[in-house]
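Take this structure, written in structure tokens, and hold onto it; I'll ask about it next.
We count residues from 1, following the sequence as given. All values below come from the heavy atoms of this structure, side chains included, with hydrogens, waters and symmetry mates left out.
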Amino acid sequence: MRASGTWNPLWDNLYEWDPEWTEQFMTMGSTPIRRGVFTPQFVELLSIAIDAACTHMYSPGVRRHIRAALELGVTRQEILTVLEMVSVLGIHACNIGAPILAEELEAFERRSRDRSEDRSEQTN
């Protein structure tokens, strides 16, 4: 991976601390590529998606895989489509947050109404 330029320098400490595990992990991760199940173009598109995902956001990898994809003949539209598809991963924050916000707003309004009614009763 170092020779091909795909090594992430952030992995240096991990490799230094546990080279055996790191080698096994890297071997596992590269198995689909080595087996040739997917075309090199698809592997680059998948790698772009992984590196661009909101859970990873690794800019150097996105850049490296976009560059490689273009060299393999992947079109701008194909790369853009992958980026658009992976962008929806962030929508989960809204899928989780919006219903909770609605519930909490309803509860807040109920508490406010109850407090207002309590104050009205106390003044009567």
Side-chain angles (χ1 to χ4, degrees):
M1 291 178 81
R2 285 188 175 111
S4 67
T6 59
W7 181 259
N8 180 343
L10 297 173
W11 299 331
D12 287 342
N13 280 341
L14 185 59
Y15 183 80
E16 183 181 312
W17 293 334
D18 196 340
E20 181 182 358
W21 183 89
T22 305
E23 287 290 339
Q24 289 174 352
F25 179 80
M26 297 304 164
T27 299
M28 177 195 64
S30 64
T31 297
I33 296 165
R34 285 193 329 276
R35 286 186 179 161
V37 174
F38 299 130
T39 66
Q41 295 87 344
F42 183 78
V43 169
E44 293 304 328
L45 289 170
L46 187 58
S47 297
I48 291 167
I50 291 167
D51 283 345
C54 62
T55 55
H56 193 56
M57 296 185 354
Y58 182 59
S59 298
V62 174
R63 181 176 306 281
R64 182 176 68 244
H65 292 296
I66 286 176
R67 189 177 301 130
L70 291 169
E71 291 294 328
L72 289 168
V74 176
T75 68
R76 176 185 64 175
Q77 190 61 39
E78 290 169 318
I79 295 168
L80 181 59
T81 298
V82 165
L83 293 172
E84 290 169 347
M85 290 171 68
V86 76
S87 72
V88 300
L89 290 174
I91 197 69
H92 292 299
C94 290
N95 291 344
I96 291 169
I100 292 172
L101 174 59
E103 291 171 9
E104 291 302 321
L105 281 170
E106 186 179 315
F108 175 77
E109 289 168 358
R110 194 174 329 115
R111 287 190 306 271
S112 295
R113 224 178 8 257
D114 291 348
R115 282 192 296 262
S116 179
E117 288 172 4
D118 288 346
R119 280 191 294 258
S120 291
E121 289 175 6
Q122 290 173 359
T123 58
N124 288 337

### Message
Is there a continuous path of hydrophobic side-chain contacts, each under 4.5 Å between heavy atoms, that joins Ile66 to Leu72?
### Response
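Not linked; separate clusters.
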### Nearest heavy-atom neighbours spanning Val86 and Ala49
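Minimum heavy-atom separation between Val86 and Ala49: CG2-O, 3.3 Å.
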### Message
What's the separation between atom OG1 in Thr75 and atom CG in Leu70, rounded to the nearest 0.5 Å?
### Response
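Rounded to the nearest 0.5 Å, the OG1-CG separation comes out at 9.0 Å.
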### Task
Say whether, by atom type as modelled, one donor and one acceptor occur between the side chain of Thr27 and the main chain of Glu23 under 3.5 angstrom.
yes
### Pair Asp18-Glu20, side chain to side chain contact (heavy atoms under 4.5 Å, CB included): steps then yes or no
CA-CA 6 Å; Asp18 196 340; Glu20 181 182 358; 4.1 Å; yes
### Message
According to a hydrophobic-cluster definition based on side-chain heavy atoms being under 4.5 Å apart (Ile, Leu, Val, Met, Phe, Trp, Tyr only), do Tyr15 and Phe25 belong together?
### Response
yes
### Task
Tell me, with the steps shown, if Asn8 and Tyr58 meet side chain to side chain contact (heavy atoms under 4.5 Å, CB included).
CA-CA 10 Å; Asn8 180 343; Tyr58 182 59; 3.3 Å; yes
### Message
Let me confirm one number: the CG-CD1 distance from Leu46 to Ile50, rounded to the nearest 0.5 Å.
### Response
4.0 Å
### Query
Cluster question for you: counting only ILVMFWY and a side-chain heavy-atom cut-off of under 4.5 Å, with indirect links fine, are Leu83 and Val74 together?
yes
### Query
Say you draw a straight line from CD of Glu121 to CD of Glu117; how long is it, rounded to the nearest 0.5 Å?
7.0 Å
### Heavy-atom closest contact (Cys54 atom, Gly90 atom, distance)
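Scanning both residues completely, I find the closest heavy atoms to be SG-N, 3.9 Å.
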### Message
For the residue pair Ser47 / Glu44, report whether a side-chain donor-acceptor contact shorter than 3.5 Å exists.
### Response
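No - no donor-acceptor pair under 3.5 Å links their side chains.
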### Query
Atom CG in Asp51, atom NE2 in His65: separation rounded to 0.5 Å?
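The distance works out to 4.5 Å.
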### Query
Got Met26 and Trp11 here, is their nearest side-chain heavy-atom distance under 4.5 Å?
yes
### Task
To the nearest 0.5 Å, tell me how far Ile48 CD1 sits from Arg64 CZ.
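Rounded to the nearest 0.5 Å, the CD1-CZ separation comes to 11.0 Å.
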#### Entry: Sequence-distant partners of Arg110, side chain to side chain donor-acceptor pair (under 3.5 Å), two or more places apart
Glu106
### Query
Quick one: does Arg119's side chain have a donor or acceptor within less than 3.5 Å of a partner on Asp114's backbone?
no
### Message
Within a 6.0 Å radius of atom CZ on Arg76, are there more than 12 heavy atoms belonging to other residues, nucleotides or ligands?
### Response
no
### Minimum-distance pair of heavy atoms, taken over all atoms of Asp12 and Trp7
OD1-NE1, 2.7 Å
### Query
Does CZ belonging to Arg34 count more than 12 external heavy atoms closer than 6.0 Å?
yes
### Query
Would you say Phe42 and Val37 are hydrophobically clustered, going by side-chain heavy atoms of ILVMFWY under 4.5 Å?
yes
### Query
Does one hydrophobic cluster hold both Ile79 and Val62, with members joined at side-chain heavy-atom distances below 4.5 Å?
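Yes, because Ile79 and Val62 connect within a single hydrophobic cluster, where side-chain heavy atoms sit under 4.5 Å apart.
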### Query
Tell me, do Leu14 and Trp21 make a side-chain contact under 4.5 Å, heavy atoms counted?
yes
### Query
Distance from Ser87 atom OG to Met85 atom CE, nearest 0.5 Å?
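Between Ser87 OG and Met85 CE, I get 10.0 Å after rounding to 0.5 Å.
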